[in-house]
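Step one of this worksheet: look at the structure below.
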Amino acid sequence: MTPAALRTELEKVLESSVRSLWGELIPDEFQAGVSGSDNLEFGDLSCQTAMKLARIVRDNPRSIAVKIVEIASDRFEGISAVKVDGPGFINFTLSDDYLASVAFRLAFGGLQPLLLDAGRGREALVEFVSSNPTGPLTVGHCRQAVLGETISSLLETVGWKVSREYYFNDAGRQMDLLGESLAVRYTSAQGDESAVPESGYHGNYILEWASGLRALKGTGLTWESDRDTFIGFAEEKAMEMIRSDLSLLGIEFDRYFAESELIPGAVTEAIERLSRITVDGKSLVYSDDDGSEKLWLRFTSLGRPKDRVIVRDNGTYTYRMPDIAYHIEKFSRNYDLMVDIFGADHLDTSRDVTTALEYLLGTEEVSKRLKVIIHQFVTLVRDGRKIKMSTRSGEFVTLRELIREAGSADVTKYLFLTRKAEAHMDFDLDLARKQSSENPVYYVQYAHARIAGILRTASEAGIVPPDEFSGELAELLNGKHERELMRLLESIPVEVAAAADAMEPHRITEILANLATGFHRFYQHVRVVDCDNMDISAARLMLCEACRRCISGLLSILGVNAPDKM
RNA sequence: GCCCCCGUAGCUCAGCAGGAUAGAGCGGCGGUUUCCUAAACCGUAGGCCACACGUUCGAGUCGUGUCGGGGGCACCA
């Protein structure tokens, strides 16, 4: 039985007991929740349902709890003791046999087979980074890249089939500016910056592109007659740069989706669909009376704060419109779940897009299938001071520089994932560089390396973990420290599934830290390799292996190495 | 102007669908290595969970308001 199944089973037994006791008093939606207890004296699992039932069945919670336990107690599986405590908590103690069997399964099959198969057979599309090809990725993109990748692999771990997609704008004004910035650098022999348009791109990487372009095409190109060459070359170089930045984090996208694929067909169609919708007798799309091509979307009729321009005077689209078309396209691909990961600067836009989609596709459809995660920005801290960043001016810290300064991609990824997405984050470079106990990555990796060391020593001593589960194995592990560790291991699949469900990867770093602490404590109190007690050594070795596989499995969700030596 | 996030130990932050005595790391103080990695472990001090009101058997958690801090938003994307 998996930890998830045990809890579900327990809840079912409790629910059916409650219904058989109080029948029609109990509402249809009633559920008996079982959760972990944080205090050992209250057992391993706990149910608070008696308190919630007090008012419905007009009895005191304690006597309700006692009644439930009386009729249900012989139907609990994997439970060795049930007790009513305090005001009416029902507390369960997990049986030694069950705990040892979970550890055994972890040791031999790893974490994944024990996870709730929440995503089985379903497909998800995760869109992230989606930075325009105008230069190297920055610190902000780095946080998003790490979040998106980790959410993707977290979903995969619980059984989803995940596609990672990168949407980029290759058709807008920014690409013109980029091309022009390149043209200026290309034309002036020293790559004189003064001529670069003020709102253009000033980064030094454009100098390298310029000399690359001169090497390839000579010096005869001009911005006036070779616009497409400049823009095309810049885009190609920028995408190269971005892919290589992403590879530093071990990220590969399944698809790069270009905005130009949607223009004009899909966008025109989306505008038509929107203009057919009327709210309070007025079409959602309207134009000014001056005869220009400009079109507005009447967001105020949809409960949004402002109407927005969707087509400019010159016939080009503002950001929102292709994005709406892109989302319609994504919905048509029939994913069960679409996740958008955006920075805080996209909040307003993203809500507009979501609102428009709700009117086009139905509110329920959108809220069921689209999940938008907005993450707050990162501030870099170096020598105790915050660093200012801005992309267009060229004063920014790139993802590449960040990883180099932090010391490794592992540290960078892990530190980003110690905060929840929606919290502002100070990334402390000085802390990242410290190879000491202050740095949480090393704490976890050290636990893994320690276990690997034990396994090496054990194998030299000829001790191997048992290859099948038996009641004797559980008896060998009935010590206090063994039990505590098994209890911790047992809770991990449930917590990982919950983290995946909530799409909150920062919980994984929490779980890892707890697991590392649990193991270090065990290690301190219990000697594993002992040639005078081969049976007990083998059993304890199995526990070590279970820990090791959990740690490496969780680290691999984060894309972080699990070293065998440090 | 509109919107978002945060306010929990000296510092950086967890706290999973409201539950039993509020947690971790770092820093402080005091301990633990004839033994599988001391990058570890154990103990200890340190909290009106910003404030007020409300919802209820019960609030760090939910609601409203106040105060304080951070950030975002334009026919850029």
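Remember, predicted model here, so these are calculated numbers, not experimental data. Each chain gets a letter, A, B and so on, in the order the sequences are listed, and its residues count up from 1.
When heavy atoms are screened at a 4.0 angstrom cut-off, A:V444 is found touching no nucleic acid atom at all. Residue A:H424 is classed as a base contact, given a heavy-atom separation below 4.0 Å to a base. Using a 4.0 Å heavy-atom criterion, one finds that A:E460 contacts no nucleic acid atom at all. Residue A:S130 is classed as having no contact, given no heavy-atom separation below 4.0 Å to the nucleic acid. Base engagement by A:A449 is indicated by at least one non-hydrogen atom pair under 4.0 Å involving a base atom. Nucleic acid contact class of A:N314 (heavy atoms, under 4.0 Å, all strands): none.
The main-chain N or O of A:F168 is never found under 3.5 Å from a side-chain atom of A:N132 such that the two would form a donor-acceptor pair.
Atoms CG (A:D426) and P (B:rC5) sit 18 Å apart, rounded to a whole Å. The distance between atom CE of A:M566 and atom P of B:rC36, rounded to the nearest whole Å, is 18 Å. Atom pair A:M51:CE and B:rG58:C1' shows a separation of 8 Å (rounding to whole Å applied). Following rounding to the nearest Å, A:Q445 (CD) and B:rG25 (C1') show an atom-to-atom distance of 16 Å. Atom CZ of A:R351 and atom C1' of B:rC2 are 11 Å apart (whole Å). Taking atom CD1 of A:I511 as the reference point, atom C1' of B:rA14 lies 12 Å away to the nearest angstrom. Distance NE2 (A:H525) to P (B:rC41): 10 Å, rounded to an integer number of Å. The nearest whole Å value for the distance from the CG atom in A:L515 to the P atom in B:rG23 is 20 Å.
The side chain of A:K420 approaches B:rC6 more closely than any other nucleotide in the set B:rC6, B:rA40, B:rA20. You'll find that the side chain of A:R308 is closest to B:rC73, out of B:rC41, B:rC73, B:rA77. Side-chain atoms of A:D345 lie closest to B:rC73 of the nucleotides B:rC73, B:rA40, B:rC36. Which of B:rA20, B:rA77, B:rA40 sits closest to the side chain of A:D85 comes down to B:rA20.
Note that CD1 of A:I26 and CD of A:E15 are 10.5 Å apart. Values are rounded to the nearest 0.5 Å.
Projected onto RNA chain B by closest heavy-atom contact, A:V529 and A:A513 fall at different nucleotides, the more 5' of which corresponds to A:A513. Taking for each of A:L347 and A:I454 the nucleotide of RNA chain B with the nearest heavy atom, the 5'-most of the two is the partner of A:L347.
Here A:Y446 does not lie in a stacked arrangement on the base of B:rA40, lacking the combination of planes under 30° and ring centres under 5.5 Å apart. The aromatic ring of A:F377 does not sit over the base of B:rG72, since the test of centres under 5.5 Å and planes under 30° is not met.
One donor-acceptor pair, N or O on each side, does fall under 3.5 Å between the base of B:rU21 and the side chain of A:N39. Residue side chain A:N91 reaches the base of B:rA20 through a donor-acceptor N/O pair under 3.5 Å, judged by distance alone. Checked by distance alone, A:S46 brings a side-chain donor or acceptor within 3.5 Å of a matching partner on the base of B:rA20.
Note on A:K306: every side-chain N or O is 4.0 Å or more away from OP1 and OP2 of B:rC73. Between A:Y443 and B:rC41 there is a side-chain polar atom (N or O) within less than 4.0 angstrom of OP1 or OP2. Contact annotation: A:R312 side-chain N/O to B:rA77 OP1/OP2 distance is under 4.0 Å. For A:R521 and B:rA40, the shortest distance from a side-chain N or O to OP1 or OP2 is not below 4.0 Å. The phosphate of B:rC57 (OP1 or OP2) has a side-chain N or O of A:R55 nearer than 4.0 angstrom. Regarding contacts with the backbone of B:rA40, every side-chain N or O of A:Y442 stays at 4.0 angstrom or more from both OP1 and OP2. Residue A:R450 places at least one side-chain N or O under 4.0 Å from the OP1 or OP2 atom of B:rA38. For B:rG15, one of the phosphate oxygens OP1 or OP2 lies less than 4.0 angstrom from a side-chain nitrogen or oxygen of A:H506.
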For A:F519 and A:H448: C-alpha separation, side-chain torsions, deciding distance, then whether ring pair (Phe, Tyr, Trp, His ring centres under 6.0 Å) applies. CA-CA 9 Å; A:F519 175 76; A:H448 188 271; 9.9 Å; no

Dump the intermediate steps for salt bridge (charged side-chain N to carboxylate O under 4.0 Å, His left out) on A:D348 and A:R351, then the final yes or no. CA-CA 5 Å; A:D348 267 12; A:R351 285 194 175 169; 5.9 Å; no

Stepwise salt bridge (charged side-chain N to carboxylate O under 4.0 Å, His left out) check, A:E127 with A:K330: CA-CA 10 Å; A:E127 182 206 335; A:K330 285 205 279 192; 2.7 Å; yes

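Spacing between B:rC53 and B:rC67 at atom C1', rounded to whole Å, works out to 15 Å. Comparing B:rA22 with B:rG31, their C1' atoms are spaced 27 Å from each other, to the whole Å. For the C1' atoms, the distance linking B:rA45 with B:rA38 amounts to 24 Å, nearest Å. For the C1' atoms, the distance linking B:rG15 with B:rA77 amounts to 37 Å, nearest Å. B:rC42 sits 16 Å from B:rA24 when the C1' atoms are compared, rounded to a whole Å. A gap of 24 Å separates the C1' atoms of B:rG18 and B:rA9, to the nearest Å. B:rC51 and B:rG10: their P atoms are spaced 14 Å apart (whole Å). Distance check on atom C1': B:rG72 versus B:rG46 gives 37 Å, rounded to whole Å.
In this structure, B:rG27 makes no Watson-Crick or G-U wobble pair, since no nucleotide meets both defining distances under 3.5 angstrom. The partner of B:rG46, taking Watson-Crick or G-U wobble pairs whose two distances both stay under 3.5 Å, does not exist in any strand shown. Judged by Watson-Crick or G-U wobble contacts below 3.5 Å, the nucleotide B:rC73 has B:rG1 as its partner. Look at B:rC36: it lacks any Watson-Crick or wobble partner with both distances under 3.5 angstrom. Of all nucleotides present, only B:rC51 satisfies the Watson-Crick or G-U wobble test against B:rG65, with each distance under 3.5 Å.
Relative ring orientation between A:Y326 and A:Y167 is described as parallel, the plane-to-plane angle staying below 30° on a 0-90° scale split at 30° and 60°.
Judged by the 6.0 Å and 45° rule, A:R450 forms a cation-pi pair with A:Y523.
For the pairing with A:D352, the salt bridge (Lys or Arg N to Asp or Glu O under 4.0 Å) check across A:K306, A:R298, A:R308 returns one residue only, A:R308.
Side chains of A:I511 and A:I492 form a contact here, defined as non-hydrogen atoms less than 4.5 Å apart.
Syn is the glycosidic conformation of B:rU33, whose angle stays within 90° of 0.
Under the ring pair (Phe, Tyr, Trp, His ring centres under 6.0 Å) criterion, A:H481 pairs with A:H525, sequence neighbours left out.
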